[in-house]
Amino acid sequence: VPKNSNELILLDAGTPLAGCNNRVFGLDTDTLAARLADLGEQPYRGKQISEAMYNQFVTDIIEITTLPEKLRRQLIDKGWHVGRPTIAQPFKSTDGTERYLVEFEGENSKSQTAEAVWMPEGDGGEAGDGSDSDPSTVDVAPSLRSRSAERAGGRPWSRATICVSSQIGCAVNCQFCLTAKLGLQRNLTPGEIAGQVVAILDRQKVRIGRDRVNLVFMGMGEPFLNYDNFMAAVRLLVREVGLSPLRMTVSTSGIVPGIERFAQEPLDVRPKLAISLNAPNDAIRAEVMPINRKWSIAAVIDAVRRVPMRSRERVTFEYVLLGGVTDQPAHARELARLVRRTGLPAKINLIAWNSGPGIAYTTPSSATVEAFQNLLKGEGIPAYIRQPRGRDIFAACGQLKRTVEG
Ligand code: SAH
Ligand code: SF4
């Protein structure tokens with residue numbers, strides 16, 4: 001098969017999709033209203049479409065029953081369609097985690113899938129996303145679980161975390177990360193990022209405003225290298241879907257210009273911030289995260305300092321423990337000093353490295369991980385261990401790599 005045969009198929013397949021400019025998923029109420037006004041329709045119809053897509057999880061224009069049927073048919077004739085990302089393939093873990101291959105409606109046949117993960121009960125961190133600023137996020141005691149499951153409408157989970165991808169692949173090239181192996185395929189659009197969340201909310205029958213769902217932008221990709229689309233997705237999720245930015249955490253490998261822009265975001269749409277620190281000093285960090293040669297730890301910390309913290313908000317430093325490389329007692333003490341010197345309200349999330357094919361690190365034992373945590377705590381630094389979720393289905397951190405090519 002010639003190497004470019006794909007592209008030939010793709011040119012062909014592109015034609016019937018000419019109407020995909022009229023995809024509405026990803027547009028906000030105001031944009032929808034303006035498009036409808038252009039067609040001579042009442043702008044409030046925009047709100048009806050956004051409510052149908054983002055609150056009732058409707059995926060077909062014909063099902064938007066708040067619109068007159070004639071208008072629905074007119075819109076469909078003009079090529080309007082919802083075009084929400086679809087869950088092409090679910091993988092279920094024995095621990096309840098589900099990993100999804102999410103498929104995007106595309107202009108070309110390449111790189112049209114990314115992965116998202118559903119983790120009921122969080123990941124063993126305090127609130128799934130590792131946040132603990134909200135007292136209501138305390139784990140329910142086992143004896144209370146059945147009652148809370150009842151309250152949750154018979155759902156087997158009392159809270160859950162959704163892990164979202166921001167790009168297909170990643171350009172950052174962290175040495176321990178499987179997603180890095182893909183390279184950057186492409187950025188995801190706002191609708192593709194928010195659509196992963198909505199598709200999962202729909203599948204899991206989540207009731208917005210009642211069920212406790214956290215979002216972590218920690219899937220494939222570097223959100224701050226797709227900044228505008230990432231933030232547009234957050235605005236959709238907050239303003240249209242109705243999720244709270246206090247239940248969202250974005251993780252960055254330390255893209256300084258991105259952090260600086262993030263610092264300017266209005267608080268009502270600004271998620272919490274996590275920094276993938278992963279090493280106690282520049283020498284080790286540059287070895288495991290080559291991006292450190294561009295933006296050093298000090299440069300990243302300086303940028304983080306400019307992010308105005310809410311009361312009781314803390315920045316999370318993520319720290320992947322690589323056997324022998326970053327997991328030694330001396331590393332813990334150096335890390336504690338580093339974090340203390342920042343003067344930032346901070347906590348550390350420890351993640352034992354999840355192995356991946358073709359990556360030559362080792363996973364530290366749980367005893368090593370606990371010793372590391374205890375050293376940090378002994379130095380007065382709050383430290384939590386993030387339990388790997390869905391390891392058996394490669395859903396854990398840094399294991400997100402498309403299993404089926406788009
Ligand atoms: N690109 C962003 C967000 C996605 S990665 C970032 O790097 O922050 C989310 C987290 O998973 C990061 O903290 C990263 O350091 C961690 N991670 C990546 N690969 C991992 C692996 N193989 N095992 C454990 N954690 C990993
Ligand atoms: Fe990209 Fe994050 Fe993986 Fe680094 S850890 S390669 S930034 S996804």
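- Closest non-hydrogen pair, Leu182 versus Met220, comes out as CD1-CE, 3.1 Å.
- Between the side chains of Glu51 and Thr66, not a single donor N or O lies within less than 3.5 Å of an accepting N or O.
- Formation of a donor-acceptor pair under 3.5 Å by the Asp28 side chain with backbone atoms of Thr31 is found in this model.
- The shortest non-hydrogen separation linking Thr249 to Ala274 is CG2-CB, 3.8 Å.
- Taking every heavy atom of both residues into account, Ile49 and Ile64 meet most closely at CG2-CD1, 4.1 Å.
- When side chains are defined from C-beta on, Val307 counts as touching Arg270, because their heavy atoms get closer than 4.5 Å.
- Formation of a donor-acceptor pair under 3.5 Å by the Asn374 side chain with backbone atoms of Glu370 is found in this model.
- For Ser166 and Glu222, the side-chain atoms include no donor-acceptor pair closer than 3.5 Å.
- Salt bridge Arg212/Glu121: absent, no basic N to carboxylate O contact under 4.0 Å.
- Remark: aromatic rings of Phe230 and Phe217 are close, center separation under 6.0 Å.
- Under 4.0 Å is where a charged nitrogen must lie from a carboxylate oxygen, and between Arg203 and Glu98 at least one such pair does.
- A side-chain N or O of Glu318 and one of Ser251 form a donor-acceptor pair less than 3.5 Å apart.
- Listed here is the closest heavy atom pair of Leu236 and Tyr54: CD2-OH, 4.0 Å.
- Side chain of Asn226 to main chain of Leu188: a donor-acceptor pair is present (N/O by atom type, distance under 3.5 Å, no hydrogens or angles).
- Aromatic ring pairs are classed by plane angle as parallel below 30°, tilted from 30° to 60° and perpendicular above 60°; the pair Phe262 and Phe224 is tilted.
- Taking CG of Leu277 as the reference point, atom CG of Leu338 lies at 5.5 Å (rounded to 0.5 Å).
- Remark: Asp302 engages Arg305 in a salt bridge, criterion side-chain N to carboxylate O under 4.0 Å.
- Remark: side-chain polar atoms of Gln175 are paired, donor with acceptor, to backbone N or O of Asn173 under 3.5 angstrom.
- Defined by atom type and a distance below 3.5 Å, a donor-acceptor pair is present between the side-chain atoms of Lys347 and Thr316.
- When all heavy atoms of Ala194 and Ala233 are compared, the closest pair comes out as N-CB, 4.0 Å.
- The residues Arg340 and Glu379 are annotated as salt-bridged, a charged nitrogen and a carboxylate oxygen being separated by less than 4.0 angstrom.
- Of the N and O atoms on the side chains of Arg261 and Gln264, not one donor lies less than 3.5 Å from an acceptor on the other residue.
- Side-chain polar atoms of Ser93 and Asp95 form a donor-acceptor pair below 3.5 angstrom.
- Side chain of Ser165 to backbone of Glu115: a donor-acceptor contact under 3.5 angstrom is found.
- Residue Thr326 comes nearest to Phe372 through the heavy atom pair O-CE1, 3.3 Å, listed as atom of the first residue, atom of the second, then distance.
- The pair Asp211-Lys205 does not count as a salt bridge, with every side-chain nitrogen at least 4.0 angstrom from each carboxylate oxygen.
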Trace of the side-chain hydrogen bond (donor to acceptor under 3.5 Å, both in side chains) decision for Arg84 with Gln196: CA-CA 8 Å; Arg84 188 180 85 186; Gln196 296 165 57; over 6 Å; no

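- Proximity of a side-chain donor or acceptor of Asn278 to a complementary backbone N or O of Val320 within less than 3.5 Å is detected.
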